[in-house]
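Counting begins at 1 with the first residue of the sequence.
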Amino acid sequence: MDVLQVVAQQLQQLRKEYLFTEIFGSFIFGFIISIFSIVIIFLILRSSFKKKFSFFIKQKIFNLAISDLADIKLINYFPEGKNFIDIMKKVFDFSGYIEEDVFLFRINGVDVLASEVELRNQSEKRSYTVFRGMVFKIPKSNFKLESNLGDTSNYFEEQDFVYIFKSSNQDLFEFELLKKIEETDLEKFVEDVKSNLSFVKNFIK
């Protein structure tokens with residue numbers, strides 16, 4: 001057999017092996033990247049849908065939480081906001097701000113704005129929570145200082161309003177998208193709302 005023909009056959013075999021290796025390797029790599037991308041997209045969408053679902057449920061049932069409180073009326077509800085960021089900057093040092101579940105209540109004829117707020121800060125090695133809990137805005141003319149404004153709470157006064165900070169170690173008012181809603185979930189939601197309303201009522205005159 002001609003030497004060139006032998007070399008051509010060997011090169012043809014190498015071409016086939018190279019082609020198979022490259023295509024198979026590219027397929028595996030592409031498959032891994034696709035799976036990874038799908039997982040990332042799923043996690044992002046799940047987080048987004050979870051929040052939207054939780055907000056949707058709360059918009060449907062928040063009146064249930066105050067239905068037997070004759071002196072309290074819910075004026076409005078917003079899933080998210082930036083109502084307290086300027087005030088929080090005067091009190092806390094933070095780099096990350098999240099405000100969710102914005103309620104406007106009328107309590108004994110006094111309009112009270114309330115939101116769940118989380119403040120975070122970033123150090124060189126870790127991210128940590130600066131504040132997490134409820135923030136209430138009360139007209140200063142209707143504010144009275146109560147003795148139960150203890151270690152887990154604080155307040156800040158401005159010219160026209162007083163801001164009360166009530167810390168919490170858990171997310172409030174949340175509903176899970178991938179979990180069946182049980183009666184206990186509704187009970188917890190109602191209890192969270194009533195507990196915070198009972199707390200802030202103590203400071204209204």
Enter the distance from L104:CG to K73:NZ here, rounded to the nearest 0.5 Å. 10.5 Å
Spatial distance of atom OH (Y128) from atom CG (L119) [nearest 0.5 Å]: 11.0 Å
Given I72 and K201, is the side chain to side chain contact (heavy atoms under 4.5 Å, CB included) satisfied, shown in steps? CA-CA 9 Å; I72 297 175; K201 277 181 64 178; 3.7 Å; yes
Taking all heavy atoms of V102 and all of G81, pick out the closest pair and write down the distance. CG2-N, 4.0 Å
Contacts of K140 that satisfy side chain to side chain contact (heavy atoms under 4.5 Å, CB included) - sequence neighbours left out: E157, V162
Looking at CD1 of I107 and CG of L74, how far apart are the two atoms once the value is rounded to the nearest 0.5 Å? 10.0 Å
Could you work out, with side chain to side chain donor-acceptor pair (under 3.5 Å) as the rule, every residue matching R120, not counting sequence neighbours? E118, S127, T129
Taking side chain to side chain donor-acceptor pair (under 3.5 Å) as the test, write out the residues that go with Y97, two or more places apart. E99
Using 0.5 Å steps for rounding, measure from the CD1 atom of I75 to the CG atom of D111. 6.0 Å
Donor-acceptor contacts, no H, no angles, side chain residues 84-94, under 3.5 Å, sequence neighbours left out:
from: K90; atom 1: NZ; to: E158; atom 2: OE2; distance (Å): 2.5

Any chance you could measure F131, atom CZ, to K166, atom NZ, to the nearest 0.5 Å? 9.5 Å
If you compare all heavy atoms of D101 against all heavy atoms of F103, which two are closest, and at what distance to 0.1 Å? O-CD1, 3.2 Å
Please report the C-alpha distance between I164 and F199 in whole Å, then the side-chain angles of each, then the deciding distance to 0.1 Å, and finally whether the side chain to side chain contact (heavy atoms under 4.5 Å, CB included) criterion is met. CA-CA 10 Å; I164 301 174; F199 170 82; 3.7 Å; yes
Qualifying residues under side chain to side chain donor-acceptor pair (under 3.5 Å), relative to S195, sequence neighbours excluded: none
May I ask you to check whether F203 and F136 place their ring centers less than 6.0 Å from one another? no
Ignoring hydrogens, what is the shortest heavy-atom contact between K144 and I204? Give both atom names and the distance. CE-O, 3.4 Å
Linking I/L/V/M/F/W/Y whenever any side-chain heavy atoms sit under 4.5 Å apart, do Y77 and I98 land together? no
Side chain to side chain donor-acceptor pair (under 3.5 Å) partners for N142, two or more places apart: none
